[in-house]
Student: 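I am attaching a structure below and will ask some questions about it afterwards.
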Amino acid sequence: MILTREERWKEVKLGRFFKSSDCIHAGSKQGWISNSQYVAHLGSSKEFTKMMDDLIETYGPLDHRLILISDGAPSIKNWGDDAFPTVPKPFTCRHTFYTLFLGLQRVIGRYVGVYIN
């Protein structure tokens with residue numbers, strides 16, 4: 001959120017795109033992404049998703065290779081459902097972390113507690 005003079009608080013929307021081939025894994029060190037593109041927008045979700053659509057088109061047909069991760073905003077979920085009906089439904093960060101911790105619980109064989117706000 002950004003405090004603007006004209007309209008008080010406004011939400012900033014941010015998108016990041018990268019290819020799996022840009023994910024670098026250097027042995028036991030933390031991985032990193034060597035190349036990515038960003039879309040940032042202070043305004044309506046319709047304007048933001050149009051910008052996202054334009055950038056996605058530059059990657060060509062993605063079909064099942066596109067994965068959407070969102071913060072759970074209904075406008076992004078609806079956009080993902082409408083624009084990309086054949087890709088996995090948008091994951092929320094909460095869902096992603098929950099799934100990760102369920103996996104950890106199975107691996108270490110005991111309950112793993114986490115609080116996600």
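These values consider heavy atoms only, across backbone and side chains, with no hydrogens, waters or symmetry-generated copies.
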Student: Name all residues meeting the side chain to side chain donor-acceptor pair (under 3.5 Å) criterion together with Asp54; count only those two or more places apart in sequence or in a different chain, and write none if there are none.
Tutor: Lys50
Student: Give me the atom names and distance for the closest heavy-atom approach of Lys46 to Thr49.
Tutor: O-OG1, 3.2 Å
Student: Testing the basics here: between Phe18 and Asn35, what is the closest heavy-atom pair and its distance to 0.1 Å?
Tutor: CB-O, 3.5 Å
Student: For Leu42, check side-chain contact (heavy atoms from CB on, under 4.5 Å) against everything at least two apart and list the hits.
Tutor: Thr4, Lys10, Val12
Student: Nearest 0.5 Å please: distance from the CE atom of Met51 over to the NZ atom of Lys13.
Tutor: 11.0 Å
Student: Taking Ile24 as the starting point, is it possible to reach Ile33 by hopping between hydrophobic residues whose side chains are less than 4.5 Å apart?
Tutor: no
Student: Minimum heavy-atom separation for Thr58 to Leu55, with atom names?
Tutor: OG1-O, 2.5 Å
Student: Heavy atoms, side chains only, cut-off 4.5 Å: are Glu47 and Ser44 in contact?
Tutor: yes
Student: Taking all non-hydrogen atoms of both residues into account, name the closest pair between Leu14 and Ala40 and its distance.
Tutor: CD1-CB, 4.0 Å
Student: For Asp53, check side chain to side chain donor-acceptor pair (under 3.5 Å) against everything at least two apart and list the hits.
Tutor: Trp79
Student: Given Ile56 and Phe84, is the side-chain contact (heavy atoms from CB on, under 4.5 Å) satisfied, shown in steps?
Tutor: CA-CA 11 Å; Ile56 289 173; Phe84 311 105; 3.5 Å; yes
Student: Considering only heavy atoms from C-beta outward, does the side chain of His25 approach that of Trp32 to under 4.5 Å?
Tutor: no
Student: Which residues pass the side chain to side chain donor-acceptor pair (under 3.5 Å) test with Ser36, sequence neighbours left out?
Tutor: Arg16
Student: For Phe48 and Ile76, run side-chain contact (heavy atoms from CB on, under 4.5 Å): C-alpha distance rounded to whole Å, both residues' side-chain angles, the deciding distance at 0.1 Å, then the answer.
Tutor: CA-CA 9 Å; Phe48 174 69; Ile76 300 302; 3.8 Å; yes
Student: Which pairs pass salt bridge (charged side-chain N to carboxylate O under 4.0 Å, His left out) with one or both residues in residues 19-43, sequence neighbours excluded?
Tutor: none
